[in-house]
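No hydrogens, no waters, no symmetry mates; every other heavy atom, side chains included, goes into these values. Numbers for residues simply follow the sequence, beginning at 1. When a ligand or atom number is given, it counts from 1 through the structure's own listing order.
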Amino acid sequence: MNSLWIETTKNQLKLEPLEKDEETEVCVIGGGLFGLTIAYYLTRAGKKVTVIEKGEIGEKVSGNTTGKITSQHGLFYNYLISDYGEEYAKKYLQANEEAIRNIKGIIEREQIECDFCEKNSYVYTTKEDEVIELEKEIEAIKRIGGKAKLVTNIDLPFKIKSAIEFEKQAQFHPRKYMIGLAKSILTQNKIYNFTTAIDVKKEENQFIIYTDRGIIKSDYVVMATHYPILNVPGFYFSKMYQVTSYIIGIETNSKLPEGMYISAKEPIYSFRTAKYQEKEILLIGGSEHRTGEAISDNSKYENLEKMAKKLYPDCKVLFKWNTRDCISLDKIPYIGEFSNLMKNMYVGTGFKKWGMTFSNIAGKIITDKIIGKENIYENTFDSTRLNPIKNRWEVKNMVKESIESIAINKFKVQSHSIDEIENDNGAIIKIEGENVGIYKDKNGRIYAVKPICTHLKCLLTWNNIDKTWDCPCHGSRFDYMGRNIYEPAIKNLELYQDMNNGKNR
Ligand code: FES
């Protein structure tokens with residue numbers, strides 16, 4: 001099912017693929033929120049820019065977010081102060097606060113109708129033993145000059161023990177905003193849909209971007225693909241993983257809460273309202289897990305539906321969707337040079353779950369780098385920093401989780417035979433000692449692939465919610481026919497032999 005954002009903006013901006021080789025100043029790979037934001041800023045700075053998007057702009061990760069624009073990133077400032085110091089935490093907060101104002105400014109300047117509205121945001125807890133952590137967090141926020149207050153009453157329909165309130169945060173319709181940015185970019189520059197970057201090489205002072213539709217030559221490259229598609233240099237696969245979370249949109253006759261909310265600790269739930277057909281509906285998010293975990297049933301959505309029914313017994317579910325977030329090992333985004341070994345290529349990734357503000361921050365920092373302007377946040381999110389891989393606890397955790405997922409997969413492989421797989425379901429089975437990924441559609445037709453990720457060869461898992469093959473290592477995803485949907489992999493899966501008695505697949 002499409003997200004509310006994609007469903008309500010279908011066919012609003014039709015863009016063609018690249019048709020012939022091109023030369024440009026800056027090639028932006030990826031037409032999500034970050035790619036379009038940087039292309040917007042560069043266009044305003046008078047640069048010649050070409051954006052290429054594998055699918056349609058704003059339909060991947062950015063079209064599936066919750067669309068909250070906030071500097072309140074869960075319980076985070078106390079962690080920042082203890083690990084990085086007050087000065088650092090202050091800059092992090094300032095950069096995100098500025099991003100809220102920048103986005104508001106762009107919406108006003110370009111007159112983008114995207115349901116933007118200012119809201120208070122809250123991190124809440126329902127547990128007495130977590131109150132102390134909220135108290136520490138508010139103390140930390142105050143030490144760095146942030147404006148926040150502790151409250152015990154919010155308008156969610158259940159009792160809480162405590163919450164931290166940030167005023168003047170915001171929410172919007174992210175895809176309407178992205179279409180507005182794209183229209184502005186298109187007045188001077190180019191955006192191509194259905195154009196997949198396959199490789200990037202540097203020849204003398206120019207980059208050659210190889211795509212499935214032709215070649216683009218450019219002076220600068222911005223890697224805006226959510227997860228970078230180049231392994232070397234940069235090595236982002238060794239310092240970042242992905243998580244998946246789920247959202248449902250419900251309608252109810254009950255009064256809806258006014259603000260934006262997120263629980264302080266696991267299980268994480270988030271709430272915000274949105275407009276749909278002139279009505280307000282409520283979006284409830286949660287059920288997070290590491291991308292690549294095998295999913296055999298609908299329990300991720302069912303958990304959210306159960307909660308919705310408990311809070312709003314008359315509610316009806318209108319939308320269900322899920323999204324992915326890249327998490328860096330030190331929980332700070334990577335913004336800046338792609339690698340010290342590759343000048344003039346830039347990256348913005350690892351935005352955790354706060355891509356609305358970080359897309360703007362990254363767009364500004366990298367634009368300033370390209371046009372040679374100083375930016376006070378340039379070093380705050382430095383993408384070439386070594387701290388993440390020095391953080392041994394996180395590295396150990398990432399390796400442990402990967403090994404566990406792979407071990408669980410292996411166990412699952414042994415527990416299936418082809419006859420045990422029900423229609424409209426999938427699994428990995430062994431055929432003559434080889435792993436084969438089988439999906440049987442509703443009519444029993446078999447789609448067989450080699451379930452080995454084309455990124456760095458991890459064994460994939462079957463995701464029966466989305467009917468996809470997902471990778472537990474870095475979160476690449478492939479549809480049931482083996483076609484690549486999400487990075488870092490870019491190649492499709494190898495097909496296994498036809499198992500439908502010779503009929504064409
Ligand atoms: Fe890296 Fe699959 S995403 S190995």
Side-chain angles (χ1 to χ4, degrees), residues 29-30 32 54-55 60-61 64 196-200 223-245 288-295 322-329 334 338-339 347-352 383 388-389 394-413 426-428 434-437 439 449-496:
I29 305 176
K54 178 179 187 167
K60 287 280 182 58
V61 174
N64 287 288
T196 306
I198 292 163
D199 202 1
V200 182
M223 188 66 74
T225 49
H226 178 64
Y227 204 117
I229 56 165
L230 290 189
N231 292 331
V232 184
F235 303 98
Y236 290 89
F237 63 87
S238 67
K239 45 190 187 179
M240 206 162 60
Y241 59 95
Q242 298 201 60
V243 294
T244 300
S245 37
E288 177 185 311
H289 62 87
R290 188 170 159 137
T291 307
E293 180 189 300
I295 310 273
N322 58 67
T323 191
R324 273 140 293 285
D325 292 287
C326 287
I327 317 283
S328 70
L329 297 182
Y334 300 114
F338 189 76
S339 157
V347 69
T349 188
F351 296 162
K352 229 167 24 137
S383 41
I389 38 181
E394 287 284 6
V395 171
K396 212 169 114 196
N397 199 25
M398 184 161 121
V399 172
K400 184 173 154 269
E401 279 192 42
S402 296
I403 290 171
E404 275 174 9
S405 324
I406 292 162
I408 290 168
N409 287 354
K410 285 214 165 126
F411 173 74
K412 286 190 173 157
V413 168
I428 298 174
E434 190 181 355
N435 290 325
V436 182
Y439 166 62
V449 297
K450 296 193 178 169
I452 305 300
C453 182
T454 55
H455 178 228
L456 291 172
K457 301 202 179 311
C458 284
L459 184 64
L460 301 171
T461 61
W462 176 249
N463 175 339
N464 203 42
I465 290 185
D466 292 331
K467 315 296 176 199
T468 54
W469 295 106
D470 297 352
C471 184
C473 290
H474 316 104
S476 293
R477 303 183 76 206
F478 306 83
D479 73 8
Y480 63 90
M481 294 176 87
R483 292 174 299 205
N484 175 246
I485 324 172
Y486 281 99
E487 303 83 16
I490 40 178
K491 286 192 192 140
N492 296 337
L493 298 180
E494 241 184 273
L495 298 183
Y496 190 71

How about F338 and Y236: are their ring centroids closer than 6.0 Å? yes
Could you tell me which N, O or S atom of H474 is nearest to atom 1 (Fe) of ligand 1? ND1
From CG (D199) to CD1 (I229), nearest 0.5 Å: 7.5 Å
Say you draw a straight line from OG1 of T323 to CD of Q242; how long is it, rounded to the nearest 0.5 Å? 9.5 Å
May I ask you to check if K467 and Y439 form a cation-pi contact, with NZ or CZ under 6.0 angstrom from the six-membered ring centre and within 45° of the axis? no
Within 2.8 Å of atom 1 (Fe) of ligand 1, is there any N, O or S atom belonging to H455? yes
Selected option - heavy-atom contact closest to atom 4 (S) of ligand 1, from D470, L459, T454, L456: L456
Identify the closest protein heavy atom to atom 3 (S) of ligand 1: which residue and atom is it, and at what distance? S476 OG, 3.1 Å
So, D470 and R477, do they make that salt bridge, N to O below 4.0 Å? yes
Heteroatom N/O/S of C471 within less than 2.8 Å of atom 2 (Fe) of ligand 1: yes
